[in-house]
Every structure is written in structure tokens, then in C-alpha cells.
Amino acid sequence: MTTPTLPELRDKIDALDRELLALLNRRAGLALEVGEIKKKEGSVVFRPEREAQVIDGLKSGNPGPLKNESVAPIWREIMSACRSLETPTRVAYLGPAGTFSEEAALGYFGSSIVRVPCASIDEVFRSTSAGVADFGVVPVENSTEGMVARSLDIFLTMPLFIIGETSLFVRHNLLRKENALDGITAVCAHPQALAQCHEWLSLHLPHAERRPVSSNAEGARLAAQDPSIAGIASTRAASEYGVHVVAPAIQNDTHNRTRFAIVTDPLRHPAPQASGHDCTSLVVSVENRPGAMYDILAPLKKHGVSMSRLESRPARSGQWEYYFFIDVQGHPNQPAVQTALHELRESCAFFKVLGTYPIDVH
Ligand SMILES: O=C(O)C(=O)C[C@]1(C(=O)O)C=C[C@@H](O)C=C1
């Protein structure tokens, strides 16, 4: 048997690509029909639970050699393109172009979206609440630095609902106009990025001022204007602002990940239905009394509901009272979850469901 030549193999790839394109167009046609039905019903287009099920189903039946981790990004893009035929999806995130929040938004919704870059996390929440955007993408937790306090505080007051989550490996790079470390007097980046890189900064730029700015992309933009300033941002931001990566991967933790929540206005978008692999996020507060914490955890144990996260934030009452942010596995339409939440609510001074959504599929 003769091995095929490069041109022969490429001809075969071209033929398959034409078949794939024809199939994708048939899929897009079906999505358009689905869109018509939704328009008649007056129901929403974006269905995170359905998208999670599509990806889960394909991954579990994937015969390879395509790697399973390639399946989710490919189908997110396909569904993003199909979704955009049904209706535009406007997504707010902490901008400007080149931020990790933008990367998270594109990773979750795919690139066929209308981008709504915002100047601050507060503005992401406000734009989503005011209907300037359909969805907002906000950082909630970092594997090195812990919770993003500002996001959690806003969750307490804003009537927004979490409908999804996504997480991103965050590789921080030192960016500068000149390709050298000499002469850097200030490093401009988001406070979280400065904290996530403090070990490298202390070792290599101990005398440079660490100047917090509104986003890492803003730091990259400032670095592009002034050679005495360095920024800390992604390689995407480096090419966006035309600066050098002077030192790659300077974060303290090589496995540095940030988790983002996808939020929406519950009056315009219903909570996702159960996908089979779901998470429910809550915030509760309890009176400052013995056994209060036990009362929170007991209903979960009693009904076999797993808790995947527990964070506390001071309630700012001056009384050493706290809000607890809790993630439990499951969807409130499952009887065990429903009963556990009901019992939990009884023992809490404050109880709010922040959202229920499919667990991030990679
Ligand atoms: O199944 C639907 O409801 C669709 O609109 C189709 C589709 C898809 O492309 O598969 C697109 C958008 C939704 O978020 C979910 C899935």
C-alpha cells in the first residue's frame, strides 16, 4: 500500500471541509427554525442547559483522535454562530479589548456576540441590569487570591441572577514598549494581577511602583505610551496594544485560574432548566449564636446535597456578622435539593438564591 502524498491528503481535507460546511449550514438552518418557534412562544434564545447537554453528549460519544478538550471550544463556536442567526447576544464584561474578562466572555459565548466592554465590574452589573447587555461576565474567584470581593458584594444588592459559569487559566505576562527590564519605574495592572504576581515583582522589579489601574488592558495601553511603565496582561493584550512580552508567565501560581459568573436580569431571562450537572449558588446570613453554622450545613447533609464552595464576607454591621456564599451541587427542581434549600431558608436570617446553572463543561 502506498502512503498518500501531501497534496492527496490535502485534497481529502478540502473535500471533508466542504462537507462540514454543508452540514454546518444545515445545522444553522435548523437553528433558524428553532428561533422561529421561540419567537412565536416569546421565549428566550440562549439556553445554557441545552448547550451544556450538546457538548456533554458529543464528548461522551467522541471516538477520537480529536481530543475531548477540543470538542467544547469547537461546538461553543458552532452554537455561537447558530445562536447569532436567531438573535444577537450582547455581552458586557470588564474591558477594554484584551482583558481576561473578554477572553472568558468569548470562551463561554463564542465569538459571534455583540461585545459590550465596560470600565468597571460595577458597570458590567449596571449594563446588564439596565438591559444595555443581555448578559454580564464577572470574575468571582481566583485560585491564588480567593474571592473577588467587589463582585460578591454587588451580588447582595443587585437583582441579577447567575445563569452560567466559566473558568480560565490566567497567565500573566510583563508587557512593555521596549524589550528589556531596565528603566521600568512603575507596573500598572488590575490590583488582582499585581497581587497574583507579587513574588516575581518583588524579586525582579523590587523598586518599581505597583500602580493599580482599572484593568490589565488599561495597564497594557499605558505601557504602550510610556516606556518607563510596564503592564501585566495576556499575550492577546500584548498584540492588541503593540507591546513586547518582556517576561512570560510571571504569576506566583502556575495553575492560576479565575472563575467567572455569567449574570442576567431574571425579569428578562428565566433560570436555566436542569442540565443533569448543575450548581446552585446562594448567599445566606445567620444570627451570631452557637450552632448557627451547623444549622446551615445540617440540611445539606441530611438530604445528601454536596457543597462545593463556602466563602464568608463581613456583613459590615460592626457586629462580627457574616454573609456566607454557598455553592451546592444540583438544581432546585430535584426534590432533595428543594427540600434542603427549604430547610436551610428556615434557619437563616437572610437567604437569597443567586442562581442555578450548568457546571462549566471543558
Ligand atoms: O436548541 C436550541 O434551543 C437552539 O436554539 C439551538 C442552539 C444550538 O445551536 O444548538 C442555539 C442556541 C441555544 O442556546 C441552544 C442551542
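We count ligands from 1, going down the list as the structure has it; atoms in each ligand are counted the same way. Note that the numbering runs from 1 along the sequence shown for the chain.
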What residue and atom, counting heavy atoms only, is the protein's closest point to [atom], and at what distance?
atom	value
atom 16 (C) of ligand 1	Arg50 CG, 3.8 Å
atom 6 (C) of ligand 1	Glu86 OE2, 3.7 Å
atom 2 (C) of ligand 1	Lys38 NZ, 3.4 Å
atom 9 (O) of ligand 1	Arg27 NH1, 2.8 Å

Could you tell me whether [X] and [Y] have a side-chain N and a carboxylate O separated by less than 4.0 Å?
X	Y	value
Arg259	Asp327	yes
Glu69	Lys59	no
Arg221	Glu240	no
Arg236	Glu103	yes
Lys177	Asp226	no
Glu41	Lys39	no

Which of the atoms of ligand 1 are close to [X], meaning less than 4.0 Å from one of its heavy atoms?
X	value
Phe46	14 (O)
Cys82	9 (O)
Arg83	12 (C)
Val34	2 (C), 3 (O), 4 (C), 5 (O)

(request) Indicate the ring-plane relationship of His269 and Phe135, choosing parallel, tilted or perpendicular according to the 30° and 60° boundaries. (result) perpendicular
(message) List the residues meeting ring pair (Phe, Tyr, Trp, His ring centres under 6.0 Å) with Phe351, not counting sequence neighbours, and say none if there are none.
(response) none
(message) Under 4.0 Å, heavy-atom basis, I'd like to know which part of Ala31 is in contact with ligand 1: side chain, backbone, both or neither.
(response) neither
(message) One residue to check: Ile78. Relative to ligand 1, which of side chain, backbone, both or neither has a non-hydrogen atom less than 4.0 Å away?
(response) neither
(message) Tell me whether Val45 reaches ligand 1 (any heavy atom closer than 4.0 angstrom to a ligand atom).
(response) yes
(request) Measure from atom 12 (C) of ligand 1 to every heavy atom in Arg47, Glu51, Met79 and give the option owning the shortest one. (result) Glu51
